[in-house]
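I have placed the structure first, in the form of structure tokens, so that the comments after it can refer back to it.
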Amino acid sequence: MDSSTVFIVVVVLLVLYFLMRGGSSTVAIVAAKPAPISLFDLHARRGAMTTALSELSSLQFFDAEDAALVEAWEKKQTGQIEELLRAGDTLNRESWRMAGVSYNHAAAAVDFGRKGLEQILGKAEPLLVQYGVDYRTYKVTPSEVLTGDAKIVQLQLHWGQKLNYTTPAAQAAGRAAAGSGSWQVALVMGIAAMAMAAINDSKLLRQLKEMEGEIEAMAEAMQGDVREICVVIQTRLLPQFDWIVRLFGQIEQSLQTLGSVEAGATDDALTHEQVVRLGMAVAEGKMLLTTKAGN
Amino acid sequence: MNEQTEVSQLLEAARRRGQEATGYATLPMGLDKFTAYVGLIGSALELGKLIQTEERDLKVIDTHYEVEVARISAAFREVEAAMIADFQRDESLKAQTFEAINLLIAAGQYEIASEFHKRLLDSFQRPSLEAIIDLRNAGTAGSGTRLSLR
């Protein structure tokens, strides 16, 4: 066998190996069943939710009262002001993005709890049917993801960036600069250029003030969103999750108790009470399955 | 003499062609000083006006955004207060109803307890998260930010 034949054989073997490896992993994914969710898993997710909530309070936003910015305004240092404003805008956007991530993690935890509830309700229903209680199953649909859009804050082009070379003054300046005009013209144009630079700075200050205002309004809205996300997590997501955990535990306990009782036996008052409680828990569970995170 | 006229005509023709090509009039040489002085006077006047109104303009811009920030803050406070009120009402209703249900079950009144329970589940009608976000977007329209659920 020559070297080219060996090379072709090696390539064919490698291709076959990768195809087989890819095929087997596909089979593994299709065959995989969702892992059963336990009460322990749910408690771990709750811990992650409270951590996300505490992280929200440490997010930083643009502060118009920042000492460096105030000083730059006093000294009218346009370059420094622009730099600080851009840094503030970046800080706002990053913190806002993090707040959205925290909310989505908390909502995903609620969806995880709903999945766990779906699993345990599936176990409870056949038992309830035995006791003459009929419930249909509901499918868990994932909660929506929170996203945010913020407009781009930018300065308008100013004098230095949009010189108009077609004006008579610009033509005269061009001639003077090229040496074909008089020195008096060059001097006057030099003074005019200084005046234009001062005009430009004054206009730029106004634009920077506008930019600062826009960033400040944005920071206020973004900070408001962080507070609102905190309230949503505290008053909606965590109670929803706690309700799921309570039901999960209650159904698990009822299943253990009723599982040991002879099927269909409801004469005993305690068993009857357990069946009624399980029926109520299943009804609440159904409501929570159809309720998306935060609703 | 003829030669001079010819040169003048050539220059005039060139100026005309330049005007046609660029769309604006080419400045005659003699106007250099005049346009320079006019430009300087114009710049000086504009600068004086800008400096005179600078402090006032900056203050006006500041005030405009202060009002906007206050409006945004108030919109958020309203939404937050509504959410907290919903939560307190739901929790109180839930606690009272569950207490009644437990008492009924303990007394063996299973059917009445089930009815109470059904009513409890039907009574949860707080605004959806989408509605809260719509409210937030309406209240902060001037902030340049927008939230959505997808």
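Both backbone and side-chain heavy atoms feed into the values below; hydrogens, waters and symmetry mates do not. Please read these numbers as outputs of a predicted model, since none were measured by experiment. Letters A, B, ... mirror the listed sequences (proteins, then strands); counts begin at 1.
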| task | Quick one: do A:Glu273 and B:Tyr110 satisfy side-chain hydrogen bond (donor to acceptor under 3.5 Å, both in side chains)? Show the steps, please. | result | CA-CA 8 Å; A:Glu273 186 185 320; B:Tyr110 301 128; 4.7 Å; no
| request: Check the pair B:Lys94, A:Glu284 against salt bridge (Lys or Arg N to Asp or Glu O under 4.0 Å), reporting the backbone distance first and the verdict last. | output: CA-CA 12 Å; B:Lys94 213 158 69 175; A:Glu284 284 172 44; over 6 Å; no
| query | Checking side chain to side chain contact (heavy atoms under 4.5 Å, CB included) for the pair B:Glu91/A:Thr235: CA distance, chi angles, key distance, verdict? | reply | CA-CA 10 Å; B:Glu91 287 301 295; A:Thr235 65; over 6 Å; no
| field | Verdict with supporting geometry, A:Tyr103 and B:Leu129, side chain to side chain contact (heavy atoms under 4.5 Å, CB included) | value | CA-CA 12 Å; A:Tyr103 168 81; B:Leu129 200 57; 2.9 Å; yes
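Enclosure of atom CZ in B:Phe87 by more than 12 non-hydrogen atoms of other residues, nucleotides or ligands within 6.0 angstrom is indicated. By the neighbour-count criterion of 12 heavy atoms within 6.0 Å, atom NE2 of B:His64 is densely surrounded, having more than that number from other residues, nucleotides or ligands. Counting non-hydrogen atoms of neighbouring residues, nucleotides and ligands closer than 6.0 angstrom, the CZ atom of B:Arg119 reaches no more than 12 such neighbours. Residue A:Gln253 places its CD atom among 12 or fewer non-hydrogen atoms of other residues, nucleotides or ligands, all under 6.0 Å distant.
Atom CG of B:Leu149 sits about 7.5 Å away from atom OG1 of A:Thr147, to the nearest 0.5 Å. We find the OG1-CD distance between B:Thr145 and A:Glu220 to be 10.5 Å, quoted to the nearest 0.5 Å.
Counting heavy-atom pairs closer than 4.5 Å to chain B, the top residue among A:Gly100, A:Ser202, A:Gly148 is A:Ser202. When the candidates B:Ser148, B:Pro127, B:Ser143 are compared by the number of heavy-atom contacts under 4.5 Å with chain A, B:Ser148 comes out ahead. Chain A forms more heavy-atom pairs under 4.5 Å with one residue of B:Ile133, B:Val60, B:Asn102, B:Thr140 than with any other, namely B:Asn102. Among B:His117, B:Arg146, B:Glu130, the residue with the largest count of heavy-atom pairs under 4.5 Å with chain A is B:His117. Put simply, of B:Val69, B:Asp86, B:Leu120, the one with the most heavy-atom pairs under 4.5 Å next to chain A is B:Val69. Comparing A:Arg236, A:Glu144, A:Glu214, A:Met218 by heavy-atom pairs within less than 4.5 Å of chain B, the highest count is held by A:Arg236. When each of A:Glu216, A:Glu212, A:Arg277 is checked for heavy-atom pairs under 4.5 Å with chain B, A:Arg277 comes out on top.
At a 4.5 Å heavy-atom cutoff, the contact between B:Glu68 and chain A is made by side-chain atoms alone. Heavy atoms closer than 4.5 Å to chain A are found in both the backbone and the side chain of B:Ala113. Proximity to chain A is absent for every atom of B:Glu111, based on heavy atoms less than 4.5 angstrom apart. A:Ala64 does not touch chain B: none of its heavy atoms, backbone or side chain, sits under 4.5 Å away. Using a 4.5 Å cut-off between heavy atoms, A:Val145 touches chain B through backbone and side chain atoms alike.
For A:Met287, the side chain to side chain contact (heavy atoms under 4.5 Å, CB included) partners two or more places apart in sequence, or in a different chain, are A:Trp243, A:Thr291, B:Leu121, B:Phe124. B:Glu80 meets the side chain to side chain contact (heavy atoms under 4.5 Å, CB included) test with A:Arg227, A:Val231, B:Phe76; sequence neighbours excluded.
Nearest approach of A:Val276 to B:Ser114, heavy atoms of both residues: CG1-OG, 4.2 Å.
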